[in-house]
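The block underneath contains the structure these notes are about, expressed in structure tokens.
Values in this document were obtained by computation on a predicted structure and should not be read as measured data.
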Amino acid sequence: KNQVEQSPQSLIILEGKNCTLQCNYTVSPFNNLRWYKQDTGKGPISLTIMTFSENTKSNGRYTATLDADTKQSSLHITATQLSDSASYICVVSALCSPGT
């Protein structure tokens with residue numbers, strides 16, 4: 001059964017501090033993992049897309065890590081700002097076999 005779990009469900013951080021969000025998944029075969037940021041009342045914005053072979057990817061103050069062996073990813077936000085107040089979504093895509 002393919003599942004994706006994020007933690008923590010909510011987080012309160014002082015402005016200027018760093019924070020880390022976690023994503024665990026059981027999706028197999030794995031295609032890619034994406035982190036999105038979604039502001040209230042708006043559509044999600046892609047922060048990063050990671051494939052099986054990528055361990056770390058940065059986008060400004062956002063750094064995502066991926067451990068394909070343990071099926072875990074984290075999103076690290078440095079020097080948080082008020083504009084970081086949003087929902088963060090981890091999406092894992094499965095690799096489809098031909099004909100499926």
Side-chain angles (χ1 to χ4, degrees):
K1 187 178 178 182
N2 290 339
Q3 289 184 310
V4 179
E5 284 188 7
Q6 285 181 238
S7 62
Q9 290 188 352
S10 64
L11 189 61
I12 298 173
I13 296 289
L14 289 173
E15 191 174 5
K17 299 291 184 182
N18 301 338
C19 74
T20 302
L21 307 173
Q22 301 287 340
C23 177
N24 298 319
Y25 62 93
T26 59
V27 176
S28 183
F30 173 88
N31 184 32
N32 62 49
L33 183 144
R34 302 167 187 238
W35 281 99
Y36 292 92
K37 175 185 177 185
Q38 185 169 16
D39 292 310
T40 303
K42 296 183 180 177
I45 298 167
S46 178
L47 297 176
T48 184
I49 302 171
M50 302 183 79
T51 60
F52 189 85
S53 60
E54 295 173 295
N55 294 328
T56 306
K57 217 167 192 183
S58 294
N59 177 4
R61 293 180 299 105
Y62 302 100
T63 302
T65 62
L66 174 64
D67 187 331
D69 293 327
T70 61
K71 297 186 175 182
Q72 291 181 320
S73 177
S74 63
L75 179 67
H76 186 69
I77 307 171
T78 57
T80 56
Q81 301 173 0
L82 284 175
S83 60
D84 294 324
S85 182
S87 295
Y88 291 85
I89 306 159
C90 172
V91 177
V92 182
S93 300
L95 188 63
C96 293
S97 302
T100 57

Is there a side chain to side chain contact (heavy atoms under 4.5 Å, CB included) between D84 and K37? Walk through the geometry before answering. CA-CA 9 Å; D84 294 324; K37 175 185 177 185; 4.2 Å; yes
Near Q38 CD, under 6.0 Å, is it more than 12 heavy atoms from other residues, nucleotides or ligands? yes
So SG of C90 and CD of Q72: to nearest 0.5 Å the spacing works out to 11.0 Å
Find the distance between CG (N24) and CD (Q3) and round it off to the nearest 0.5 Å. 11.0 Å
Under the 3.5 angstrom rule, does the side chain of E54 hit a backbone N or O of N32 as a donor-acceptor pair? no
4.5 Å side-chain heavy-atom contact, S93 and V27: no
Could you give all pairs that pass the disulfide (SG to SG under 2.5 Å) test and reach residues 28-65, with sequence neighbours left out? none
Treating N59 as the side-chain partner and L47 as the backbone partner, does any N or O pair qualify as donor plus acceptor under 3.5 Å? yes
So, D67 side chain and T70 main chain: donor-acceptor pair closer than 3.5 Å or not? yes
According to the ring pair (Phe, Tyr, Trp, His ring centres under 6.0 Å) rule, which pairs have a member within residues 42-87, sequence neighbours left out? none
To the nearest 0.5 Å, how far apart are CD1 in I89 and SG in C23? 11.0 Å
Nearest heavy atoms of L21 and P8, plus distance in Å: CD2-CD, 4.3 Å
How far apart are the closest heavy atoms of T56 and T63, and which atoms are they? CG2-CG2, 3.6 Å
State, with a plain yes or no, whether a side-chain heavy atom of V91 is found less than 4.5 Å away from one of V4. no
Residue pair C19 / L11: nearest heavy atoms and the distance that separates them: CB-CD2, 3.9 Å
Distance from K57 atom NZ to L75 atom CG, nearest 0.5 Å? 13.0 Å
Closest heavy-atom pair and its distance - S83, D39: O-OD1, 4.2 Å
If I compare all heavy atoms of R34 with all of I49, which pair ends up nearest, and what's the gap? NH1-CD1, 3.6 Å
Residue pairs passing the ring pair (Phe, Tyr, Trp, His ring centres under 6.0 Å) test with at least one member in residues 18-51, sequence neighbours excluded, are Y25-F30
So, T80 side chain and L14 main chain: donor-acceptor pair closer than 3.5 Å or not? yes
Please report the shortest heavy-atom distance between A79 and N18, naming the atom on each side. N-OD1, 2.8 Å
